[in-house]
Amino acid sequence: MALVTSKELMEAAAKEPVYAVGAFNAVNLETAQAIFTAAEEARSPLIIQFTQTSLGYTEVEGWVSVTEELIGSILSLARRASVPVAVHLDHGRSEEVAARFMDLGFSSVMIDGSLDEKGKAPRSAEENLAVTKAVVEKAHAKGISVEGEIGLLGQVGEEIPITPELEEKLSDPTKTAKLLDETAGPGYPGWPAGLTRPDEAAQFVEQTGLDLLAVGIGTKHGVYKGKPFIAHGLLQLLREALPVPLVMHGGTGVPDKDVTQGVQEGIRKINIDTQMRIAFYSAINRVMGEMNALHNLADITGETRKYDIRKVLAPAREAVKEQVINRMKVFGCAGRAF
Ligand code: 13P
């Protein structure tokens with residue numbers, strides 16, 4: 001199966017019975033292998049993504065850069081895969097970075113114009129519009145799909161503060177519509193920051209021509225401190241207002257029932273990163289504990305063969321694969337390779 005665009009995957013996922021395609025972040029060869037193996041075993045379409053911040057890992061100052069080599073391996077595996085695969089840039093923050101990954105052969109890019117190039121300060125709505133439009137123009141000329149983002153989705157460590165009263169309103173489309181009316185006007189006073197407004201998003205999609213939109217519906221990147229709240233009422237209004245597939249960021253920790261409901265409400269792509277990181281760490285922690293108990297690793301005068309990095313990395317890779325398969329089953333994309 002050839003490398004495909006995420007738009008092609010989204011079109012297939014929108015056919016009944018609908019599903020969402022899992023988008024999994026690879027940071028090195030082991031995680032990439034785990035993700036591809038999971039897709040093959042689960043017979044699932046796949047979005048494998050590389051996030052801009054990982055450049056800080058593949059391009060260590062004063063050391064050799066391995067970005068092109070890692071990307072080359074991921075693209076080669078995608079072309080060899082027997083399931084359809086889109087290779088996607090996650091949270092690209094500038095035209096230059098998006099262009100670099102398009103030139104490397106990615107079939108899909110995200111331009112996250114909500115934050116500045118360093119990912120620190122928010123961009124204005126006008127700046128987001130300008131950078132997203134520029135990337136869409138360049139990408140579409142090359143047949144590449146574009147995901148955009150409007151407003152600030154939940155950042156690591158930040159939960160959207162939702163009161164029980166707001167929770168009730170945002171769970172019901174009629175009550176959400178009333179709240180949208182009440183909070184219309186400059187700066188949207190009283191509208192919870194981090195949640196996407198359908199009116200604003202529809203204009204953004206029309207003006208940019210993007211293919212997929214990441215929406216703020218209560219999810220956030222990283223581990224949730226409390227119980228995650230998904231604004232299903234709002235999600236239903238977003239689906240009605242928007243002609244493009246919707247993306248859920250911060251998929252780790254979202255309860256399965258909210259995922260299933262979200263898919264019925266129009267979510268077609270779900271991003272997962274932290275869940276794989278936790279699996280990788282936990283496996284290493286477990287194996288290191290077992291090895292230490294067996295060998296006393298602090299005693300470096302002992303048996304040399306006990307220090308075998310492969311014995312640590314292989315179970316970590318396997319653990320990531322298991323988590324990816326687990327998510328593919330919940331997202332409904334397992335068994336849907338075409
Ligand atoms: P998690 O790390 O919460 O799974 O989110 C991943 C993500 O949204 C990447 O863009």
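Both backbone and side-chain heavy atoms feed into the values below; hydrogens, waters and symmetry mates do not. As the structure lists them, so they are numbered: ligands from 1, and atoms in each ligand from 1.
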In terms of heavy-atom contacts, does NZ of Lys178 have more than 12 from other residues, nucleotides or ligands at under 6.0 Å?
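Not more than 12 within 6.0 Å, no.
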Exceeds 12 heavy-atom contacts within 6.0 angstrom, atom CD of Glu137
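It does not: Glu137 CD has 12 such atoms or fewer within range.
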Just need the protein heavy atom nearest to atom 2 (O) of ligand 1, so name the residue and atom and give the distance.
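Among all protein heavy atoms, the one nearest atom 2 (O) of ligand 1 is Thr274 OG1, 2.5 Å.
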Looking only at side chains, do Thr5 and Glu8 share a donor and an acceptor under 3.5 Å apart?
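On atom types as modelled, these side chains qualify, holding a pair under 3.5 Å.
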State the atoms of ligand 1, each with its element, that fall below the 4.0 Å cut-off from a heavy-atom position in Gly222.
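The list of qualifying atoms is 1 (P), 2 (O), 3 (O).
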Show me which atoms of ligand 1 lie under 4.0 Å from any heavy atom of His249.
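Answer, ordered by atom number: 8 (O), 10 (O).
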Is [X] close to ligand 1, meaning an N/O of one under 3.5 Å from an N/O of the other?
X: Asn271; value: yes
X: His221; value: yes
X: Gly250; value: yes
X: Asp90; value: yes

Kindly determine whether Asp256 and Arg327 satisfy salt bridge (charged side-chain N to carboxylate O under 4.0 Å, His left out), including the steps that lead there.
CA-CA 9 Å; Asp256 291 357; Arg327 286 302 86 194; 3.1 Å; yes
Return yes when His91 approaches ligand 1 closer than 4.0 angstrom through a heavy atom, no otherwise.
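Heavy atoms of His91 do come under 4.0 Å of ligand 1.
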Which label fits His221 and His91: parallel for a plane angle under 30°, tilted from 30 to 60°, or perpendicular past 60°?
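Because their plane-to-plane angle is over 60°, the rings of His221 and His91 count as perpendicular.
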Lys/Arg cation over aromatic Tyr188: Arg197, 6.0 Å, 45° cone
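That pair qualifies as a cation-pi contact.
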